[in-house]
Amino acid sequence: MRIYDTMARAKVALDLPQDRVIRVFVCGPTVQDNFHIGHARTYIFFDAFVKYLRSSGHRVFYLQNITDIDDKIIDRANSEGVRFDVISRRFTNEFHDIMSLLRVDSVNFFAHATDHIAEILAQISILIRKGMAYETEDGVYFDVEKFPDYGKLWGQNPDTLLPSADTSGSKRNPRDFAVWKKLKPGEPYWDSPWGRGRPGWHIEDTAITDRYFGPVYDIHGGGMDLIFPHHDAEIAIERSISGKDRLADYWIHTGMINVNDEKMSKSLKNFVTIREVLKSYRAEDLRFALLNANFSSSLNYSESLLQEARRNVSQISILYNKALLKLGDRAEYRKDYDIIASLDSIIQDNMDFRGLFRDVIRLVNTWNASLDNLGADDLNQIYSLLKWVDSFAGILRRGSSDITVSGTVNLLLNIRKELRAIKQYQLADSIRSRLLEMGVYIEDNGSDTAWWINSPDGADIS
RNA sequence: GGAUAGGUGGCAGAGCGGUCAUGCGUGGGACUGCAGAUCCCAUCUAAUAGGGUUCAACUCCCUACCUAUCCUCCA
């Protein structure tokens with residue numbers, strides 16, 4: 001498998017051992033506000049990525065941090081007149097709710113910064129002892145000059161940088177970054193050898209990854225906007241402590257979501273929240289839309305992007321359900337079809353979900369054209385392929401395998417079939433519309449009727 | 001200013017030195033009690049600009065221009 005690695009600035013072979021657990025860390029959110037499509041893009045991508053690795057036989061431990069102490073959280077708490085943890089808890093819960101709606105469920109463990117203060121303090125002590133960090137009247141700062149590789153991930157020549165805009169605090173160098181911020185009145189704090197205060201951002205992640213993964217792990221991911229300074233700062237901290245030549249073997253970064261060619265962000269007020277989208281579209285639509293692009297390219301968000309995704313998701317899901325209904329109890333999930341191997345090779349090249357989807361749609365069209373002539377083996381191939389894609393991409397609408405529901409629906413459909421046979425259409429249509437109201441979507445094909453839970457269009461939040 | 005990624009038809013977006021993918025959209029048709037779904041046909045004759053290499057360039061090279069991201073917090 002090959003993937004674009006930020007450190008190498010090229011596609012590289014992703015050589016992951018099969019004989020041990022792969023350690024993947026992806027930067028989680030700062031829980032300070034509602035979550036938008038940009039967050040969705042990154043977390044959906046890594047969800048699909050990790051699920052794909054697992055489906056191809058790797059054991060993966062997927063770790064994500066939650067930044068639950070930070071200036072913006074404190075600001076918001078102050079403006080609402082509540083403790084900081086009221087805010088962080090509220091948005092942590094919201095984050096988990098949203099991820100669950102998006103079918104992002106591959107993370108093994110969420111590590112909260114405030115649960116790792118001891119590890120953070122230990123790291124700061126080492127940095128000071130090694131002369132890599134210094135204490136001032138308002139904090140402890142990492143001395144960027146002492147770490148020659150600072151900025152290497154980002155690939156910048158330090159001489160060409162724009163002057164740093166961050167002149168806050170009493171730093172020696174504007175690019176030095178805080179690992180400990182000393183208490184200002186009214187702020188939450190923890191005790192430390194350098195007085196009361198709270199951790200800086202970058203060291204939260206190194207304290208967490210060091211604890212669970214050690215000084216070097218396999219894959220570090222996150223949004224493009226975190227490359228500098230955040231990830232370079234993590235590298236500087238951890239390598240200063242460990243003495244190793246690297247922090248992670250592979251660096252994978254997702255591109256930004258744009259709106260009218262500008263980055264979606266809080267400050268530009270051009271963001272669309274995930275919750276808002278899920279009022280008109282399903283999670284599967286959003287997953288398809290966001291995965292349907294090179295993961296490292298920026299992606300322009302628009303309504304038509306979602307509409308197109310919904311249309312494709314609908315086509316794929318409908319065929320899947322038809323195949324499943326035709327197969328009945330002959331359905332058998334097998335991964336040894338050639339077609340799966342051939343589509344697998346597309347993903348193997350830089351996690352090309354877009355290429356995968358393109359070919360899936362092509363196949364769906366071909367199969368649709370000959371659906372009535374397909375035998376059980378063909379149908380099983382369709383069923384298996386789409387189920388396999390869904391196992392990591394998460395793009396199929398849910399049907400129903402509930403036997404009790406099945407029995408009831410089939411009973412109603414049989415009655416309806418007889419009504420249609422004697423042209424009692426009014427009653428037949430009434431059954432159809434009542435079923436639809438209950439979330440059972442039905443579709444007549446000649447004398448047969450296909451049905452499934454969830455209509456092709458619709459939303460996950462009402 | 002620097003680094004990175006790009007500039008392809010109405011939109012999204014591949015590949016390839018020489019037969020202009022594919023999807024969405026749009027138009028027409030078939031099927032259907034209706035709805036939905038599906039199929040068939042058609043549609044667009046595209047490449048930021050200017051040079052160069054070549055028998056031949058959207059595809060290679062050069063130049064210019066343009067866009068996005070980062071260089072403060074940010075997924």
Side-chain angles (χ1 to χ4, degrees), chain A residues 4 6 9 26-30 32-33 35-46 64 67 70-72 75 151 153-168 174-175 177 201 221-230 232 253-258 260-268 271 289 292-294 296-300 302 304-305 307-312 314-315 318-319 321-322 352 354-355 357-362 364-372 420-421 423-426 428-429 432-433 436 441-446 449-450 455-457:
Chain A
Y4 188 88
T6 309
R9 247 165 289 281
V26 173
C27 282
T30 300
Q32 43 128 351
D33 204 343
F35 303 97
H36 58 67
I37 312 294
H39 299 104
R41 206 251 175 122
T42 295
Y43 300 125
I44 287 171
F45 172 76
F46 283 106
Q64 197 168 96
T67 299
D70 155 273
D71 291 2
K72 286 182 178 169
D75 289 347
L153 178 67
W154 192 39
Q156 279 286 19
N157 177 345
D159 301 335
T160 61
L161 296 182
L162 246 35
S164 176
D166 179 14
T167 52
S168 61
R175 294 203 186 272
F177 54 85
W201 179 33
M224 285 276 187
D225 52 353
L226 299 186
I227 294 173
F228 190 90
H230 187 230
D232 258 312
H253 289 100
T254 49
M256 296 293 100
I257 295 293
N258 289 174
N260 294 128
D261 292 321
E262 278 187 319
K263 179 182 168 184
M264 182 176 287
S265 72
K266 290 270 153 55
S267 49
L268 287 168
F271 62 93
N292 197 209
N294 184 322
S296 55
S297 307
S298 55
L299 177 61
N300 220 345
S302 68
S304 60
L305 190 74
Q307 283 170 354
E308 189 179 327
R310 168 145 79 189
R311 167 95 184 117
N312 287 145
S314 180
Q315 285 178 307
I318 286 170
L319 178 66
N321 279 298
K322 283 181 181 171
D352 185 8
R354 183 174 196 34
F357 291 168
R358 176 194 62 215
D359 280 22
V360 167
I361 298 277
R362 232 180 257 184
V364 166
N365 288 340
T366 309
W367 284 326
N368 268 328
S370 55
L371 191 59
D372 292 336
R420 291 176 67 214
K423 300 195 191 307
Q424 291 288 323
Y425 294 124
Q426 211 172 358
D429 289 353
R432 179 171 61 196
S433 58
L436 187 59
Y441 175 78
I442 72 176
E443 190 182 299
D444 299 323
N445 301 289
T449 299
S455 64
D457 295 337

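We name chains A, B, ... by the order of the sequence lines, and we start the count at 1 in each one.
Comparing B:G15 with B:A57, their C1' atoms sit 14 Å apart, to the nearest whole Å. Across the P atoms, B:A75 and B:C70 are found 12 Å apart, a figure rounded to whole Å. Taking atom P on both nucleotides, B:C60 is separated from B:G17 by 8 Å, rounded to a whole Å.
For the pair A:Ser302 (side chain) and A:Leu305 (backbone), a donor-acceptor distance under 3.5 Å is present.
Of the candidate nucleotides B:U4, B:A75, B:U72, B:U4 has the atom lying nearest to any side-chain atom of A:Tyr4. Picking from B:A75, B:A68, B:A12 the nucleotide with the shortest atom distance to the side chain of A:Pro29 gives B:A75. Among the nucleotides B:A75, B:U69, B:A37, the one closest to the side chain of A:Ile318 is B:A37. Among B:C34, B:C71, B:U69, the nucleotide with an atom closest to any side-chain atom of A:Asp444 is B:C34. Each of B:C39, B:A37, B:A68 was ranked by its minimum atom distance to the side chain of A:Ser298; first place goes to B:A68. Out of B:C70, B:A35, B:U38, the shortest distance to the side chain of A:Lys322 is found at B:U38.
Here A:Tyr425 lies in heavy-atom contact (under 4.0 Å) with a base. Using a 4.0 Å heavy-atom criterion, one finds that A:Gly38 contacts the bases of the nucleic acid, with or without backbone contacts as well. Nucleic acid contact class of A:Met256 (heavy atoms, under 4.0 Å, all strands): base.
The strand RNA chain B forms stems, runs of 3 or more Watson-Crick or G-U wobble pairs with distances below 3.5 Å, at B:1-7 with B:65-71, B:10-12 with B:22-24, B:25-30 with B:38-43, B:48-52 with B:60-64.
Contact of A:Arg9 with B:A3 (side chain to base): no donor-acceptor pair of N or O atoms is detected under 3.5 Å.
In terms of position along RNA chain B, the nucleotide closest to A:Asp429 lies nearer the 5' end than the nucleotide closest to the other residue of the pair A:Thr366 and A:Asp429.
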Under 3.5 Å between N/O atoms: give me all the protein pairs with nucleotides 23-30 of chain B, atom names plus distance.
unit_1: B:G23; atom_1: OP1; unit_2: A:Asn365; atom_2: ND2; d: 3.2
unit_1: B:G23; atom_1: O2'; unit_2: A:Asn312; atom_2: OD1; d: 3.3
unit_1: B:G23; atom_1: O2'; unit_2: A:Asn312; atom_2: ND2; d: 3.3
unit_1: B:G23; atom_1: N2; unit_2: A:Glu308; atom_2: OE1; d: 3.2
unit_1: B:G23; atom_1: N3; unit_2: A:Glu308; atom_2: OE2; d: 3.4
unit_1: B:C24; atom_1: OP1; unit_2: A:Gln315; atom_2: NE2; d: 3.3

